[in-house]
Amino acid sequence: MKVVSGFIILLSIVVLDFGVCERPNIVMIVADDLGWNDVGFHSGDVNTPNIDAMAYHGVILTRHYAQPVCSPSRAALLTGDYPLRHGMQGTPCGSGVNDGLPTDVMIMPQYFSKLGYKTHLIGKWHLGYATQEHLPTRRGFDSFFGYLNGFLGYWDGTHFTNVTAGRDVRRNEEGAWRECYGHYLTDVLTKEAVDVIKEHQEPDGLLLILSHAAVHTTFMDIEREAPNGVQNITGRGYLRAMVERLDWSVGEVVKAMNERGLLNNTILVFIADNGAPTNSSIFTNHGSNWPLRGEKDSMHDGGVRTVAAVWSPLFQNLSHVSDQYFHISDWLPTLYAAAGGNSDELESKDGINQWDSLRSSTQGARDTIIINIDEETNTEAVIKNNWKLVKRKFLRLNIFKYLRN
């Protein structure tokens with residue numbers, strides 16, 4: 001627990017020494033398929049001291065909403081739009097499929113590059129690779145180390161389904177699966193993030209998105225997805241082990257930022273892309289969304305109301321809980337405004353700049369969220385004030401479409 005204690009003390013010291021920053025560094029850590037009940041600050045069921053320290057010293061967002069599945073959430077995050085505007089609603093991008101976020105849509109790193117930021121994506125892309133122009137490094141990221149599909153083997157760099165299989169690790173646009181083989185994926189991605197932080201050169205701003213594989217499962221046995229030293233446990237025990245390693249990663253990133261002298265000028269965001277799959281026949285990770293109803297792929301809150309916390313010494317009011325509505329599409333205009341940009345100049349139409357409400361705990365700017373409109377499944381959901389309308393109870397993943405080749 002020495003690292004954890006140091007992390008808590010570190011955050012406390014930094015908060016006492018903040019000033020006005022023209023170009024804050026931005027670090028986003030995105031967990032994959034993490035359930036509402038899978039972090040300590042919500043339940044105490046899983047040991048997440050580093051994530052808890054960040055949440056308790058920052059702002060816990062209890063009404064943070066994303067999309068029901070992976071690709072739509074990531075499209076919303078990077079475009080600042082509801083994914084339905086770009087044909088990204090519905091099922092995720094399948095492996096080997098001519099699908100993806102249209103290349104004429106501006107995304108987060110392209111905007112931040114204009115403000116003098118160096119932009120890096122580590123981990124999951126999952127927004128298509130039908131052409132080279134779809135790749136992350138063609139969409140504004142200065143560097144990319146990670147994988148293009150929806151999940152990856154934790155020990156061998158392989159994307160494997162019952163119809164497709166192949167090595168799926170890239171360093172920029174070149175294959176790099178050997179860098180992952182025999183090493184636990186969470187550790188590999190964390191080391192890459194630490195290296196990027198160490199090599200960052202000021203006065204450029206840093207935009208780093210660490211998009212973890214954890215705790216998404218694969219087609220392999222869950223035992224093969226757990227970190228070293230995990231044995232003689234079953235079911236949710238593996239989930240806890242994976243989350244605890246994810247928590248370790250958060251601590252390592254914060255420590256690296258501090259050692260580089262960057263933490264005092266940083267916005268640190270931790271979110272999940274959707275809820276946990278609790279009843280899936282192939283991807284169940286023993287996650288829990290309790291006490292929320294539903295799971296991944298569902299319009300109910302268990303599928304779309306996600307874990308979220310944000311910390312920054314730029315905030316005037318730390319250590320509080322926000323019940324204001326926040327949609328994943330809001331991060332682009334919010335962070336862009338924090339970086340000194342004019343959010344009104346963004347092409348995005350749906351995301352709302354919530355920087356003032358985050359920074360000073362004022363009333364949030366949102367009272368309506370369109371969760372989804374999917375004409376293929378005839379599924380819709382919308383939130384308005386204290387009401388939520390759901391058409392069709394569950395959006396079930398059409399696995400045959402997802403795995404089509």
Side-chain angles (χ1 to χ4, degrees), residues 3 6-30 50-51 53-61 77 108-122 140-143 190 192-211 249-271 308-320 322 330-343 346 353-362:
V3 173
F7 183 32
I8 296 173
I9 294 171
L10 177 61
L11 291 180
S12 301
I13 292 173
V14 170
V15 170
L16 295 175
D17 188 35
F18 69 86
V20 176
C21 305
E22 295 181 356
R23 187 183 292 161
N25 302 296
I26 297 169
V27 177
M28 298 197 73
I29 301 175
V30 183
N50 288 306
I51 297 172
M54 174 193 161
Y56 291 143
H57 286 80
V59 180
I60 297 173
L61 303 175
L77 172 66
M108 185 182 290
Q110 294 168 306
Y111 289 115
F112 275 82
S113 293
K114 295 181 178 181
L115 297 181
Y117 277 75
K118 294 299 182 183
T119 61
H120 309 272
L121 173 63
I122 299 170
F141 284 106
D142 292 312
S143 75
T190 302
E192 182 70 17
V194 170
D195 288 346
V196 166
I197 292 167
K198 288 180 178 179
E199 295 169 5
H200 178 69
Q201 299 296 317
E202 297 180 287
D204 294 326
L206 172 66
L207 173 65
L208 171 60
I209 302 177
L210 175 54
S211 184
S249 176
V250 173
E252 290 298 295
V253 169
V254 172
K255 184 168 65 173
M257 292 292 289
N258 181 63
E259 290 174 351
R260 276 285 287 111
L262 302 174
L263 192 59
N264 195 50
N265 184 18
T266 290
I267 302 168
L268 179 63
V269 179
F270 180 86
I271 61 173
V310 56
W311 173 89
S312 176
L314 304 179
F315 292 167
Q316 299 171 11
N317 183 15
L318 287 166
S319 299
H320 76 277
S322 171
D330 295 343
W331 285 115
L332 173 55
T334 297
L335 296 174
Y336 192 73
N342 182 355
S343 59
L346 300 175
N353 173 14
Q354 304 228 45
W355 176 240
D356 286 340
S357 61
L358 281 181
R359 180 176 55 180
S360 58
S361 303
T362 57

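Hydrogens, waters and symmetry mates play no part in the numbers below; they use all other heavy atoms, side chains included.
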Minimum heavy-atom distance [X]-[Y], with the two atoms named:
X	Y	result
V250	I29	CG2-CD1, 4.0 Å
Q110	G140	CG-CA, 3.7 Å
P333	S343	O-CB, 3.8 Å
G251	N50	CA-CG, 3.7 Å
L77	M108	O-CE, 3.5 Å
V253	A193	CG2-CB, 4.3 Å

Run the side-chain contact (heavy atoms from CB on, under 4.5 Å) check on L208 and N25 step by step: do they pass? CA-CA 8 Å; L208 171 60; N25 302 296; over 6 Å; no

Donor-acceptor pair, S319 side chain versus Y56 backbone, under 3.5 Å?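 A pair under 3.5 Å: yes.
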
Do any N or O atoms from the side chain of S357 and from the backbone of T362 form a donor-acceptor pair under 3.5 angstrom?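 It does not hold such a pair.
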
Roughly how far, to the nearest 0.5 Å, is [atom2] of [Y] from [atom1] of [X]?
X	Y	atom1	atom2	value
E202	N265	CD	CG	7.5 Å
L262	K198	CG	NZ	12.5 Å
S249	I51	OG	CD1	8.5 Å
L335	W355	CG	CH2	7.5 Å
T119	D142	OG1	CG	4.0 Å
L268	L263	CG	CG	7.5 Å

Can you find a pair of side-chain heavy atoms, one from [X] and one from [Y], that are under 4.5 Å apart?
X	Y	result
R23	L115	no
P109	L121	no
V269	M28	yes

Can the ring centroids of Y336 and W331 be said to lie less than 6.0 angstrom from one another?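 Ring centroids of Y336 and W331 are no less than 6.0 Å from each other.
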
May I have the step-by-step check of side-chain contact (heavy atoms from CB on, under 4.5 Å) for I197 and E259, ending in yes or no? CA-CA 9 Å; I197 292 167; E259 290 174 351; over 6 Å; no

V254 and M54: CA distance, side-chain angles, deciding distance, side-chain contact (heavy atoms from CB on, under 4.5 Å) verdict: CA-CA 9 Å; V254 172; M54 174 193 161; over 6 Å; no

Testing L207, L210, V27, L206 for side chain to side chain contact (heavy atoms under 4.5 Å, CB included) with H120, which one passes?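 With H120 as partner, side chain to side chain contact (heavy atoms under 4.5 Å, CB included) holds for just one option, L206.
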
Once you measure the plane-to-plane angle for F112 and Y117, does it fall in the parallel (<30°), tilted (30-60°) or perpendicular (>60°) bin?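 Perpendicular, since the angle between the ring planes exceeds 60°.
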
